[in-house]
Amino acid sequence: MYPIKFQNLFFDKVWGGGDFYGYKETLPNLSVGESWEVSCHENGMSIVDNGEHKGKTLGQLINELGHKLIGTKISKNNFPLLIKIISAKDKLSVQVHPDNDYASKFENSLGKTEAWYILDCEKNAELIIGTKDCLKEDFKLAIEENNLEPYLNKVKVKKGDMYFIKSGLVHAILGNTLILEIQQNSDITYRVYDYGRDRELHVDRALEVIDFNLISNKLTGLTVFNENYTKTYLCICEYFVIERYEITDIYEENSDEERFYTLFVLDGIGQIEYNEGTLEIGKGDSIFIPASLGKYKVKGKINFIKSYVPNFLKTINEILENCVCN
């Protein structure tokens with residue numbers, strides 16, 4: 001086993017464009033809006049870009065290696081996460097995602113809860129996070145009258161901010177923003193409003209799944225301070241844990257036989273040293289840490305986001321033992 005890098009899966013979007021965290025020179029065109037970094041979904045399957053398994057899909061690897069790759073607590077038939085970079089030059093549609101129950105019944109899919117980490121954005125960039133001052137009837141009428149803006153909760157964002165987007169929460173990116181999205185392995189979106197673009201809307205289903213009581217505030221996290229690194233728990237939910245690491249020299253840990261990890265390099269350069277070799281890593285890289293990798297070290301002056309499917313008891317115990325609030 002070794003740390004795996006995947007090829008970027010680029011998708012054109014009407015709202016896409018701009019830099020992809022250092023990938024601009026490799027983009028097939030300037031309308032690319034998403035890069036699927038780690039994916040085992042029918043709409044986009046990651047392909048290994050390094051080592052002896054180069055050229056194989058993540059699905060093929062799971063079939064070949066099973067729990068040695070993904071972990072004993074992860075289903076081989078339902079890969080749980082999808083990691084994306086979103087480069088939004090223009091506004092995304094105002095949208096909502098269903099929960100597991102609704103998506104299973106009507107879409108034969110998982111639901112979609114996600115989290116957004118702001119990699120970069122222009123000054124005064126904004127997101128739509130939830131609704132305000134309305135009930136379902138008000139919102140429906142506003143859609144019909146093309147007067148939705150008063151009922152949309154807008155927040156200004158900056159680099160390093162993070163928001164939790166639970167299924168049922170109305171949301172949108174309002175352009176000029178680069179985002180790392182960690183989400184359930186689902187591609188179900190119900191568009192409520194699309195700024196006059198000629199794309200399908202899904203108002204009826206959206207109104208069935210929107211929770212008008214949901215709100216989401218910026219996540220500040222809980223931080224552990226160590227001699228050579230800091231570790232911040234940014235988001236913990238039933239579907240994923242998201243942590244930010246700031247390494248000044250070296251970070252060492254064992255892989256978890258129960259679950260895989262994914263790492264996304266925010267900035268800096270370094271290496272991952274493991275039993276069989278060394279992998280050079282840098283800004284914009286996504287790395288898959290197999291469950292059976294064993295002991296590994298991240299060395300260098302480097303910052304990254306780590307995500308994984310949680311073991312709640314283990315995570316909470318770590319927080320209680322080590323964390324100090326920001």
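- Defined by atom type and a distance below 3.5 Å, a donor-acceptor pair is missing between the side-chain atoms of Ser255 and Glu257.
- Salt-bridge check for Lys297 with Asp249: failed, with every basic side-chain N at 4.0 Å or more from each acidic carboxylate O.
- For the residue pair Tyr296 / Glu253, a side-chain donor-acceptor distance below 3.5 Å is found, with atom types taken as modelled.
- Phe288 and Phe260 have parallel rings, their planes meeting at less than 30° on a 0 to 90° scale where 60° marks the start of perpendicular.
- A salt bridge links Lys295 to Glu252: at least one charged side-chain nitrogen sits closer than 4.0 Å to a carboxylate oxygen.
- Within a 6.0 Å sphere centred on CG of Asn275, heavy atoms belonging to other residues, nucleotides or ligands number 12 at most.
- Counted by atom type alone, Gln183 and His97 present zero donor-acceptor pairs between their side chains at under 3.5 Å.
- A salt bridge does not link Lys159 with Asp120: none of the charged nitrogens is closer than 4.0 Å to a carboxylate oxygen.
- In this structure, Lys54 does not pair ionically with Glu52, as no charged nitrogen and carboxylate oxygen lie closer than 4.0 Å.
- By the rule that hydrophobic residues join a cluster once side-chain heavy atoms approach within less than 4.5 Å of another member, Val48 and Val265 end up as members of one cluster.
- Using a 4.0 Å cut-off between charged nitrogen and carboxylate oxygen, Lys283 and Asp267 do not count as a salt-bridge pair.
- A perpendicular orientation is assigned to the rings of Trp36 and His41, their planes being inclined by more than 60° (bins at 30° and 60°).
- Within the cation-pi definition used here (under 6.0 Å to the ring centroid, within 45° of the axis), Lys231 does not qualify as a partner of Tyr245.
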